[in-house]
Amino acid sequence: MPTTEQTRDLPSQYDPAATEAAIYQRWIDAGVFSADEKRSKRNGGDRDPFVIVMPPPNVTAVLHMGHGLNNTVQDVVIRWRRMVGDEALWVPGTDHAGIATQNIMEKQLAAEGKSKADLGREKFIERTVAFVEETGGEILRQLRAIGASADWNRTAYTFSPELSVGVREAFVQLYERGLIYRGHRVIHWCPRCLTSLSDEEAEHSEETGSLYHIAYPVVGAKKNETLTVATTRPETMLGDVAVAVHPDDERYKKLVGKSVLLPIANVEIPIIADEYVDPAFGTGVVKITPAHDPNDFEVGKRHKLSMPVIMSPDGTMANAADAGHRVPAELIGIDRFEARERIIRTLEKSKQLVKVESHQHAVRHCYRCDTVVEPRLSDQWFVKMEPLAKPALQAVRDGTIRILPERWEAVYINWLENIRDWNISRQLWWGHRIPVWYCDSCKCEIVSRTDVSACEKCGGAVRQDDDVLDTWFSSWLFPISTLGWPDKSSAALAAFYPTDDLVTAPEILFFWVARMIMAGYAFMGAAPFHTVYLTGTVRDMNHVKMSKSLGNGIDPLDVVAAYGADALRYTVVAGMGMGADLMLDPKDLERSFAPGRNFATKLWNIGRFLLSNVGSQTVRSVDELSDDELTLPDRWILARLNTAIFECDAALGPARPEKGTWRQEERYIGLRLSEYAESARRFVWNELADWYLETTKTRIAAGGDDAEVARAVLTHAFDYALRLLHPIMPFITETLWQRLPLPVIAERPEFLAVAGWPIAVPLGSDDKSAVTQFDLVREAVGAVRQIRSDYSIPPATMLDVSIRSNRHARVFKDSSPLIGRLSRSTVSVDGQSDTAGAAHAVLTDGTELIVPLGGIVDLKKECTKLRGELEQLDKQLDSLTKRLENEGFISRAPVHVVESERRKRDEWLKRREQLAEKVKAVCGG
RNA sequence: GGGCGAGUAGCUCAGUUGGUUAGAGCGCCUGCCUUACACGCAGGAAGUCGGGGGUUCGAGUCCCUCCUCGCCCACCA
């Protein structure tokens, strides 16, 4: 039957590099990844929509393992749903990434010895657009290499004209609803990026700094009285407008109302009382610098103090318009940290520096360039968050949205409960310009969906706000804007919103996920998705997060080139438990990705076996095989297949809540991809390949009707195995599936990618007994192998195996070729054999395996062990029986508990019976 | 400072409501190039389940306590 023609067809070594790109192209050409609005049930079609919106990578990004992991997860889920028959849509896209992209451009310019000011705003943007056009989207091309089945026709870009319409609409709507306002307050300022940042963009890091105690002389005091303040940032003292003490602080009560002389600046500032001061910290005296500290700003407002700014945007010392001459000439233009040193030296000289303490405190850094941010008073646009947060909070509380792993829900809720207003204006050039125009002649402010060229009121000239919007102000709209919002008649929006799952890294839970949920409610009145799946982090062997700058990263494309996309995907999926980090060794790709590569090779070789042994002749359909044609191994593998399907389904879980919101019992199940991968792997490798495939060899070689049955069942089992694995390993499964000699049925789809997902059927009692019986055979084979190994019997030596079985003589007789071949033994069932000089194995059902050996075999050890077990079991039984005879227990315990205890006792009794038999067999009468 | 999570085999992790001998992958040891596969096959060693205490006939699992890591949040200058 096997021909050289066919085997030549599949090379002996799987070569992913030679096949993957071509398969991907065939999928694309056939439109396999394209979703159709009309097929969605919400648009009158007959399919449930299933939608994932891809977290848009930065347009300048190149693929790293984090993307690899994240997008593999999404692709597995979307491919699974596509096979189930959903109208599956995965929306891809990129983010224009305001600060990040602008930083890259500025670096480019700097390398040419230029600055963005040299170019001017217009030219700078032109150049950035050109750069993005040229290099942007590279990452999306790279995603194709790992098999991402996104609908590329719908590729979105946060800065595209279409999506920009949505950004304006969102701004104007919120403005009209009173949720966007301009605020004059202290915000986080990055002196390197020269822009304000949101609270989330200013990241804390714990640092050891100094706490400087500085003496401010009290004005008009008798004996050189001073007030000592403590500060970590002495340079800001030049902006002090008061010193504050707690109103009830007896130490300072009589000083309130007097003044101190601010050193260096030589300005008199008042001593005020405010509850904000903690008398127990430091000296109980706080310097108040309203323009450079958010708390001081609040104090300043309460006391109607002036708020001089004493620093330039770039972090050098300077007198702003309202600062007079607070900053002395010699400090002007000096960087804030240098100024800090100089001020300290000056104070030291004037004996006003009382002491310096080491101090542990959190310092905020820019999340883009890691520069220490400066609190700074300025005008910014803000979104009022509390009203938006309410429904977002409710959604997670009531189960409309679930977050996996579960523990992140608490983090999410905690953040939303303490939500603060969102600073959305950035002093950058790269981004959506704020849609606000100012008329200088009549001093009005126009907020508009369309560009404004003249003042509505006075017809005078207008100028648009110079600032741009926070990047996240466009990405928070992604699930709606990519589907056509604000065009409410958009077919895509109707068909695919709300979406289903959102898969991303926990780092952007607040930046992005929470805000998307808010936007979903604010603009669509509905949650954007029902499931948030937060992946783990990719780390190296020292548990350090992989990053380009640390040089411990892995380029997914290197892995694809060396071992194939499937190896990458399988390794990632199998190695990542729910929410767990993934450890990989950048110095040893071979070892890191061995699980995936090895498994792909295994699949490949099963395919080669099929091709050479089953051949290309169409097989019979398993549906038409009658019960009495099926052998024990056939029934066993079909039952195991069913179990595997069931386990995969259970691990992947319900794709959506059954009744709109998640019920408690379904809320945290599903999306356990590593369990799904393991179930599928175990079936293919440990059951199909290790056992069933072996049983077919002699049958197929023998030919005849039974060979046809074996061919049919083997092909069917492998067909379904490939289906189960396709979401994880799309390329190799598609390649092999294309060559299967499947039975001719009317609607065989062209691609495995859209072939049906297997459906599990409940096991009948016959199937269950097939499993039990065949497992006994496996046990027998195992026992023989162990005996061989224990007694170092060479493979070539034949063994006579006698089996004494009271129940399964038939099973062993039927399986004797199997036992014989796998162990190179001959088997006789119910044969007489002397126990002297023989190795024994007692199977779980009491069946004895007797293998005559040359030497003497000691059974004493086994006997002692079994007796111990029996003793233990008796003890357990005893106490359980006592409990079940206890009136008090029966009356108090719930019925189901009593019942389960009774069942347990029955099981144990049965087990005891078996064990006793074993003991008898092994230890002798 | 507040909140959360984790400590199980050398490594990465599973362990459902307490219940037979605590599992998997990788690594390790032994023997095999057995015509699908040495990226493989067969067999094996290896865990006082972070420490201590408690509840129970029985604890990796429940309770208390301590230790060690990690994460998120935070305006005490």
Side-chain angles (χ1 to χ4, degrees), chain A residues 2 7 10 12-14 186 199 204 211 229-233 236 244 276-278 280-289 293-298 359 361-362 375 405 407-408 410-412 414-415 418 506-507 509-510 537 541 543 563 567 571 574-577 579-585 590-592 594-613 672 674-675 678 681-682 689-690 693 697 782 785-790 792 794-796 821-824 865 868-869 872-873 875-880 882-883 896-897 900 904 907-908 911-912 915:
Chain A
T7 35
L10 278 189
S12 63
Q13 196 76 29
Y14 174 51
V186 173
D199 293 339
H204 289 280
L211 188 60
V229 302
T231 180
T232 52
R233 297 186 298 148
T236 64
Y276 152 69
V277 181
D278 175 4
F281 185 87
T283 57
V285 185
V286 184
K287 60 193 264 310
I288 301 298
T289 323
D293 184 284
N295 296 308
D296 295 4
F297 174 74
E298 294 301 323
H359 182 62
H361 64 145
R407 63 192 143 91
W408 287 104
V411 175
Y412 172 92
N414 185 272
W415 185 73
N418 300 293
E507 290 99 270
L509 180 60
F510 307 137
T537 308
M541 300 318 275
H543 295 200
Y563 312 113
T571 303
M576 184 195 54
D581 291 344
L582 178 69
M583 313 296 168
L584 295 170
D585 188 351
E590 164 137 23
R591 183 171 164 183
S592 293
R597 181 199 55 174
N598 295 355
F599 188 41
T601 303
K602 192 72 187 179
L603 283 173
W604 187 253
N605 283 302
I606 297 171
R608 287 179 63 218
F609 175 85
L610 245 87
L611 223 64
S612 58
N613 288 272
R672 290 172 191 272
S674 61
E675 289 176 24
E678 175 53 22
R681 187 207 66 84
R682 205 208 49 243
D690 287 351
L693 187 144
K697 284 180 176 171
R785 284 172 176 170
Q786 196 179 333
I787 287 165
R788 281 188 166 280
S789 180
D790 286 354
S792 305
R821 190 172 36 71
L822 285 176
S823 58
R824 293 191 182 214
K865 200 176 110 194
E869 271 176 43
Q872 176 67 24
L873 188 57
K875 224 172 92 188
Q876 288 178 7
L877 261 169
D878 202 40
S879 81
L880 187 60
K882 256 188 221 149
R883 189 147 101 188
H896 72 270
V897 170
S900 105
K904 209 183 278 175
E907 270 172 43
W908 286 0
R911 199 187 300 150
R912 196 203 175 278
L915 200 53

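Chain naming here is simple, since letters A, B, ... match the order of the sequence lines and numbering starts at 1 in each.
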Any K602(A) side-chain nitrogen or oxygen under 4.0 Å from OP1 or OP2 of rC41(B): yes
Using the C1' atoms only, state how far rC26(B) lies from rC33(B), rounded to an integer number of Å. 23 Å
Just checking F510(A): base, sugar-phosphate only, or nothing, at a heavy-atom cut-off of under 4.0 Å? sugar-phosphate
Quickly work out the W408(A) CH2 to rC4(B) C1' distance and round it to whole Å. 9 Å
Calculate, to the nearest 0.5 Å, the distance between atoms CE and CE belonging to M583(A) and M541(A) respectively. 8.5 Å
Any H359(A) side-chain nitrogen or oxygen under 4.0 Å from OP1 or OP2 of rA77(B): yes
Heavy atoms only: give me the nearest A567(A)-R597(A) pair and the separation to one decimal. CB-N, 3.5 Å
Is the distance from OP1 or OP2 of rG40(B) to the nearest side-chain N or O of N605(A) less than 4.0 Å? no
For A689(A), which contact category applies under a 4.0 Å heavy-atom criterion: base, sugar-phosphate, or nothing? base
Can you check the distance between rC72(B) and rU56(B), where both ends of the measurement are the C1' atom (answer in whole Å)? 38 Å
When you compare rG47(B) with rU8(B), how far apart are their P atoms, in angstrom units rounded to a whole number? 14 Å
Distance between P atoms of rG51(B) and rA45(B) (Å, rounded): 24 Å
Base, sugar-phosphate alone, or nothing: which one does A230(A) contact when heavy atoms must sit under 4.0 Å apart? base
Report yes or no: is there a donor-acceptor pair, N or O only, under 3.5 Å between the side chain of E590(A) and the base of rC39(B)? no
Could you report the tightest heavy-atom contact between N295(A) and D293(A), atom names first, then the distance? N-OD1, 2.8 Å
Spacing of the P atoms in rC75(B) and rC13(B) (rounded, Å): 32 Å
Between C1' on rA38(B) and CZ on F599(A), what's the gap in Å once rounded to a whole number? 18 Å
When both hydrogen-bonding distances must be under 3.5 Å and the geometry is Watson-Crick or G-U wobble, what is rG5(B) paired with, if anything? rC69(B)
Pairwise C1' distance for rG23(B) and rA46(B), with rounding to whole Å: 14 Å
Closest heavy-atom pair and its distance - L584(A), S592(A): C-OG, 3.9 Å
With a 4.0 Å cut-off on heavy atoms, is V286(A) in touch with a base, just the backbone sugar-phosphate, or nothing at all? base
Quick one: R681(A) CZ to rA14(B) C1', roughly how many Å, whole number? 13 Å
Any side-chain N or O of K697(A) below 4.0 angstrom from OP1/OP2 of rA36(B)? yes
Which pair of heavy atoms, one from T236(A) and one from T289(A), lies closest together, and at what distance? O-CG2, 3.2 Å
For H204(A) and rC75(B), is the shortest distance between a side-chain N/O and OP1 or OP2 below 4.0 Å? yes
Below the 4.0 Å mark, does rG44(B) have OP1 or OP2 next to a side-chain nitrogen or oxygen of Q786(A)? yes
